[in-house]
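Note that the structure is a prediction, hence the values are computed from the model and not measured. Protein chains get the first letters and strands the later ones, always in sequence-line order, with residue 1 at the start of each.
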Amino acid sequence: QVQLVESGGGLVKPGGSLRLSCAASGFTFSDYYMSWIRQAPGQGLEWISYISSSGTTIYYEDSVTGRITISRDNAKNSLYLQMNSLRAEDTAVYYCARTGYMWGDAFDLWGQGTMVTVSS
Amino acid sequence: QSALTQPASVSGSPGQSITISCTGTSSDVGGYNYVSWYQQHPGKAPKLIIYDVSNRPSGVSNRFSGSKSGNTASLTISGLQAEDEADYSCSSYTTISTYVFGTGTKVTVL
């Protein structure tokens, strides 16, 4: 069925690194823009990055620029988020979301999320 | 980019209509018709209920409707039902090619 499944979350110390993965199935992954969105405990949603269908266009939210890298492997139907220099404020559930065929499109399919906890 | 402003909570009785506002700036809500709305039940992933200001995805109840005036977008839920009790968030594309979400609104069905 059409779905996104995130993995790779866990407990990491401040300053550490983590790589999240998102496996897509049931649709033509290479046709779609994809995004990462996070939600800190008890807080609202925060968009952090998107990548175009070909991977050539990438944007980041200011607070994570320089610390995270979004990438994709269309042959493996997978989206990735490399997170470095993690801080306590990066603690959140991280969702991958399908983002339509072009910039501006809505997030029309979400994964179940993976929890990232940054703590010593 | 500052979060879009939503009321923290809105409540209504079954059968009533409620409206949730989402206020931004000319750099986001007012700049494009790329406003979307998401419903999120506790412990669940968000679900798209409105896109491009006023369009409903297939399968979403027609009790949900969206609109926009200037820098403020609105989501109206008519015929409020118990299952509508959830958190609702707006989102907008911005003029600097990013996205921004709203602060979120908790809807309570009395």
For [X], is it the side chain, the backbone, both, or neither that has a heavy atom closer than 4.5 Å to a heavy atom of chain A?
X	answer
B:Ser89	side chain
B:Pro46	both
B:Ile96	backbone
B:Ser91	side chain
B:Gln40	side chain

Is there a continuous path of hydrophobic side-chain contacts, each under 4.5 Å between heavy atoms, that joins [X] to [Y]?
X	Y	answer
B:Val10	B:Ile77	yes
B:Tyr88	B:Ile50	yes
B:Leu110	B:Leu80	no
B:Val53	A:Trp103	no
A:Ile70	A:Tyr94	yes

Can you classify the ring geometry of [X] versus [Y] as parallel (below 30°), tilted (30 to 60°) or perpendicular (above 60°)?
X	Y	value
A:Trp47	B:Tyr99	tilted
B:Tyr93	A:Tyr50	tilted
B:Tyr38	A:Phe107	tilted

message: Quick check: closest heavy atoms across A:Met102 and B:Tyr34, and the distance to 0.1 Å?
response: CE-OH, 3.6 Å
- prompt: Closest heavy-atom contact between B:Ser36 and A:Ala106?
  reply: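 Closest approach of B:Ser36 to A:Ala106, heavy atoms only: CB-CB, 3.8 Å.
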- request: Report the option among A:Ile48, A:Leu109, A:Asp108, A:Leu45 that has the most heavy-atom pairs separated by less than 4.5 Å from atoms of chain B.
  value: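 Top option by heavy-atom pairs under 4.5 Å: A:Leu45.
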message: Is A:Gln39 close to chain B through its backbone or its side chain, or both, or neither, when contacts mean heavy atoms under 4.5 Å?
response: side chain
